[in-house]
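Counting begins at 1 with the first residue of the sequence. Counting convention: from 1, in listed order, for ligands and their atoms alike.
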Amino acid sequence: MKEQLHALEQEALEKVKDAENLQDIQAVQVAYLGRKGSITEVLRGMGKLSKEERPVIGELANKVRTAIKAAIDAKKEKIEQVELEQQLQKEAIDVTLPGRPVHIGGKHILTSIIEEIEDLFIGLGYEVREGPEVETDYFNFEALNLPKGHPARDMQDSFYITNELLLRTHTSPVQARTMQSLDGNEPIRMICPGKVYRRDNDDATHSHQFTQIEGLYVDKNVRMSDLKGTLNLFAKKIFGEDREIRLRPSFFPFTEPSVEMDISCKVCAGEGCSVCKHTGWIEILGAGMVHPKVLEMAGYDPHEYTGFAFGMGPDRIAMLKYGIDDIRRFYTDDIRFLKQFHEA
Ligand code: 2NL
């Protein structure tokens with residue numbers, strides 16, 4: 001029986017060694033240690049042994065059992081380790097692979113132009129202000145010296161929501177609101193960019209929605225020469241140091257006197273070409289000294305305070321700067337057009 005046990009132990013350990021996976025090792029355990037396993041069979045035969053032999057064989061059988069069990073457990077752990085490693089290897093993610101490209105949009109050309117102008121005026125101490133696009137009749141017209149019955153208030157020219165509410169036709173109401181909020185005794189330097197609306201039939205040069213930037217400077221002793229100096233700086237910074245400006249008399253209900261500013265044509269340097277319609281000059285913006293009535297309505301004493309204001313269309317500026325032929329290109333979202341102005 002001793003030999004039998006030793007032989008079984010040898011055999012079992014051999015099989016444990018050969019086991020390649022958890023099923024193999026499970027089979028070895030059942031075959032040798034299970035209820036119908038070989039070792040159990042041997043122990044069943046112990047009844048035939050003598051009293052002296054029984055404890056000796058019993059002890060040996062237990063030792064063999066323990067040895068086989070230990071070998072099985074060790075092997076099990078080893079196989080589990082290997083299988084885990086294989087699994088991990090199979091599921092490994094290569095974090096060094098390049099990621100899938102993410103399409104990042106760019107700034108709309110009108111946004112870039114507006115930000116460039118904002119930066120220039122922020123540098124001159126102006127602050128950027130925004131206001132509602134749905135405006136009251138009062139702030140859009142009345143406060144800007146456009147009384148009821150004025151041609152610019154014609155229903156044809158505006159999108160009305162009610163009799164008293166409309167889509168703003170310019171950004172000036174933001175400035176009127178700012179002036180009115182300040183009790184008439186604080187200087188103002190502000191710039192307001194934003195979307196504006198006019199009831200127009202869209203074509204190459206007209207859009208029912210477009211953008212505007214206006215500027216306002218109110219203080220004691222603000223003069224026309226301050227306006228001219230500011231506009232000259234603006235023209236040179238945005239269009240190039242070699243540009244000249246000229247002011248022509250004009251009319252706006254909210255400024256007096258009013259002017260229009262031209263810049264010298266870069267294409268022909270003043271000689272005359274198709275871009276400047278053979279005049280050597282290109283119209284850029286409108287401006288003027290804030291009308292005393294506008295100051296007064298906003299609570300500023302026009303004998304004490306004066307100011308200048310200007311307004312321009314970033315759409316037009318972008319069209320001139322980049323030779324864009326149709327204003328609708330800004331609003332029809334053709335990515336091939338818009339992408340040309342994205343930074344590399
Ligand atoms: C243009 C002309 C202009 C203003 C806008 C303004 C605003 C206030 C008071 C006085 Cl609160 N003036 N704005 C003045 C002159 C011209 O815009 O051609 N814009 C595209």
At under 4.0 Å between heavy atoms, is it the side chain or the backbone of [X] that contacts ligand 1, or both, or neither?
X	value
M312	backbone
F252	side chain
A287	backbone

Task: Within 45° cone and under 6.0 Å: R199 NZ/CZ vs F159 ring - done: no
To check your reading of the model: name the closest protein heavy atom to [atom], its residue, and the distance in Å.
atom	answer
atom 12 (N) of ligand 1	A309 CB, 3.2 Å
atom 10 (C) of ligand 1	F254 O, 3.4 Å
atom 17 (O) of ligand 1	G311 CA, 3.3 Å
atom 7 (C) of ligand 1	Q175 OE1, 3.2 Å

TODO: Check each of D333, D325, D326 against R329 using the salt bridge (Lys or Arg N to Asp or Glu O under 4.0 Å) test, and report the only one that passes.
DONE: D325
Task: Any N/O pair E214/ligand 1 closer than 3.5 Å - done: yes
Task: Test of proximity, L144 against ligand 1: N or O pairs below 3.5 Å - done: no
Task: Numbered atoms and elements of ligand 1 in range of Q212, under 4.0 angstrom, heavy atoms - done: 19 (N), 20 (C)
Open item on the list: Need the ligand 1 atom indices (1-based, order shown) with element for anything under 4.0 Å from a heavy-atom of T255.
Closed with: 10 (C), 12 (N), 14 (C), 15 (C)
Open item on the list: Looking at K236, I want to see if its NZ is surrounded by more than 12 non-hydrogen atoms of other residues, nucleotides or ligands under 6.0 Å.
Closed with: yes
TODO: Would you indicate whether D334, at its atom CG, is surrounded by more than 12 heavy atoms from other residues, nucleotides or ligands within a distance under 6.0 Å?
DONE: yes
Open item on the list: Quick check on side-chain hydrogen bond (donor to acceptor under 3.5 Å, both in side chains): which of R168, H208, E133 does Y197 satisfy it with?
Closed with: E133
- [ ] State the CD-CD1 distance between Q23 and I79, to the nearest 0.5 angstrom.
- [x] 10.0 Å
Open item on the list: Looking only at the side chains, is there a donor atom on one of E164 and T136 sitting less than 3.5 Å from an acceptor on the other?
Closed with: no
Open item on the list: Between the side chains of R129 and E127, is the shortest nitrogen-to-carboxylate-oxygen separation below 4.0 Å, so that they form an ion pair?
Closed with: yes
Open item on the list: Measuring from non-hydrogen atoms of M179 to any atom of ligand 1, is the shortest distance under 4.0 Å?
Closed with: yes
